[in-house]
Amino acid sequence: MTCREVDESMMALRPGEQLPETAQEHLRGCAACRTLVSGLRDSAIDNQIDPAVLERIRAPLLASLARVRPLAPAGVFAAGFLIIFAAAAIADSAWFGHAGLSLLTNIQRFLIFGVLMALAVVASVAVARDMRPGARSVRGGVLLGVAVIAIEAIFLALFHDFSTENFLGVGLRCFRSGLLCVIPTALLVWLAVRRGCVLAPVSTGAAVGAIAGLTGVAAQELYCPVLTFPHVAIWHGAVLVVSVAAGSLIGWIADSARRD
Amino acid sequence: MDDRPISAPAGDSQTAEPGLAALMEAYQNGDREAANQLIERLSPALHRFFAVHSGDRRYADDILQDAWLRIHKARHTYRPGEPLLPWIYAIARHVKVDAFRRRRPELHEQTLESIPEPMIAPLEGKGDLPDISTLLAHLPESQREVVSLLKVSGLSVEEVARATSSSVGAVKQKAHRAYEKLRVVLMDLRPETIRKVGAL
């Protein structure tokens with residue numbers, strides 16, 4: 001057995017259990033491992049909690065003890081967020097029209113909305129998991145990175161007109177409309193999330209911003225008739241980036257307020 | 001050589017107690033006795049976890065109280081049937097971080113005023129070995145957290161991965177690196193101790 005295998009055995013050891021015989025055999029010939037194992041075994045803290053401390057913990061807890069309803073499973077929340085995403089995008093297209101959709105080819109529609117839907121699934125699952133401490137989740141920054149790269153890559157692959165006519169004026173109007181589509185989605189998702197967002201408000205805010213931002217991008221793809229790469233890459237992509245940044249900022253403010 | 005078999009720290013064997021999840025469910029239903037029992041059974045390991053990171057038993061008392069208040073407020077987020085300890089320690093590590101952030105300016109001020117008496121009640125080690133708080137102080141925070149969850153709180157690798165929102169592989173990697181560093185530290189720290197351990 002090697003030192004690394006001794007490490008593995010130590011990691012697998014549960015309280016009160018003994019190292020396997022092969023590991024014990026290794027320890028007899030390896031001073032470093034022997035010292036490490038003894039160090040972690042014999043230096044355990046002998047701590048007794050003052051009964052008064054336990055009483056101070058009990059008093060407020062028992063005074064406010066009431067039945068609580070556990071959160072629904074993460075899958076239910078994730079499905080709910082996806083429904084909000086789809087419903088908001090459809091409502092936005094009803095409001096702003098779908099001039100953009102009619103200009104896209106079937107392959108472009110399939111790829112763009114397929115990628116947006118896949119990203120919305122990832123963001124929805126991330127938010128749903130963030131609501132529950134101790135559940136593995138995707139970090140907000142990672143989510144933003146993946147989403148931006150995926151969207152920009154698909155735009156680069158599909159739009160080959162690089163002209164920049166009316167880039168700023170048209171772009172700002174498109175960007176503003178995209179952000180207007182983001183707000184209702186963000187509010188609806190936040191209403192669903194607020195009961196469970198207890199540990200990582202920044203990460204949750206980023207993921208909520210991602211779902212809302214993706215709704216904005218989907219709405220832009222539906223209504224925006226400008227199919228040049230600079231326009232979609234900057235002004236459509238910016239809606240997602242700004243939404244995630246705003247969600248993170250709101251989460252950070254909420255977290256700071258809670259700490260104070 | 002000592003014939004004592006090498007075993008894990010006794011801890012509270014909390015992970016081997018499936019009854020904790022049932023107690024948590026009863027606690028969610030407003031059962032006072034279940035709340036009492038959870039506090040009794042989980043507090044010692046939580047206190048050790050905080051004490052190892054702060055090196056101060058009294059300060060660990062305060063963090064423990066904060067942690068239980070957070071656990072109480074967040075108890076609806078525990079899903080019956082899921083592992084309890086990762087949920088508890090995910091909250092505990094956030095409380096720990098919040099507490100240390102609050103404490104940092106306070107410690108800075110006290111350092112500037114050069115306080116006459118040490119405010120830290122040191123944790124006592126056993127025998128010739130340094131206490132675990134001193135030992136783990138040689139590690140970066142992420143490795144210290146993993147080793148303390150594994151060896152002080154008695155969580156399994158899978159439970160640590162869930163509590164820290166990382167993968168099993170990442171937890172093992174951190175533990176390996178921590179153990180390698182601790183071997184070096186222990187060998188350098190107390191040559192006489194090594195000789196004694198060697199003579200066991």
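The sequence lines fix the lettering, A, B, ..., with proteins before strands; numbering per chain opens at 1. No hydrogens, no waters, no symmetry mates; every other heavy atom, side chains included, goes into these values.
Rounding to the nearest 0.5 angstrom, the gap separating the CG atom in A/Leu54 from the CD1 atom in B/Ile39 is 8.0 Å. Within the model, atoms CG of A/Leu40 and CG of B/Leu136 stand 7.0 Å from one another, a figure rounded to the nearest 0.5 Å. Once rounded to the nearest 0.5 Å, the distance linking CG of A/Leu36 with NZ of B/Lys181 reads 14.0 Å.
The minimum heavy-atom distance between A/Leu65 and B/His72, with the atom names listed, is CD1-CE1, 4.0 Å. Residues A/Leu62 and B/Ala35 share a closest heavy-atom pair of CD2-CB, 3.8 Å. Nearest heavy atoms, A/Ser64 versus B/Arg75: O-NH2, 3.9 Å. For the pair A/Pro70 and B/Pro80, the tightest heavy-atom approach, listed with the atom from each and the gap, is CB-CD, 3.9 Å.
Most heavy-atom pairs under 4.5 Å with chain B, from the set A/Pro60, A/Ala74, A/Cys33: that is A/Cys33. Comparing B/Leu182, B/Asn36, B/Val157 by how many heavy-atom pairs each has under 4.5 Å with chain A, the most go to B/Asn36. Of the listed residues (A/Glu21, A/Glu8, A/Met131), the one with the most heavy-atom contacts under 4.5 Å to chain B is A/Glu8. For chain A, the option among B/Gln65, B/Arg70, B/Arg79 with the highest count of heavy-atom pairs below 4.5 Å is B/Arg79.
Neither the backbone nor the side chain of B/Pro83 comes within contact range of chain A; no heavy atom of the residue lies under 4.5 Å from a heavy atom of that chain. Contacts of B/Glu25 with chain A are absent, with no heavy-atom separation under 4.5 Å from either backbone or side chain. B/Asp31 touches chain A through its backbone: at least one of N, CA, C or O sits under 4.5 Å from a heavy atom, while the side chain does not. Both the backbone and the side chain of A/Arg4 come within less than 4.5 Å of a heavy atom of chain B. At a 4.5 Å heavy-atom cutoff, the contact between B/His176 and chain A is made by backbone and side-chain atoms alike. For B/Leu150, the part lying under 4.5 angstrom from a heavy atom of chain A is the side chain only. If you measure heavy-atom distances from B/Tyr179 to chain A, the contacts under 4.5 Å come from both the backbone and the side chain.
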Criterion side-chain contact (heavy atoms from CB on, under 4.5 Å) on A/Leu71 and B/His76, from CA distance to verdict | CA-CA 6 Å; A/Leu71 283 181; B/His76 65 282; 4.1 Å; yes
Start with the C-alpha gap between B/Arg183 and A/Asp7, add the side-chain angles, then the distance that decides, and say whether side-chain contact (heavy atoms from CB on, under 4.5 Å) holds.
-> CA-CA 11 Å; B/Arg183 281 186 182 94; A/Asp7 288 355; 2.6 Å; yes
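Between the B/Lys172 side chain and the A/Met11 main chain, no donor and acceptor come within less than 3.5 Å of each other.
Side-chain contact check for A/Pro133 versus B/His94: every heavy-atom pair is 4.5 Å or farther apart. Side chains of B/Leu69 and A/Leu61 form a contact here, defined as non-hydrogen atoms less than 4.5 Å apart. The shortest distance between side-chain heavy atoms of B/Tyr27 and A/Val68 does not fall below 4.5 Å.
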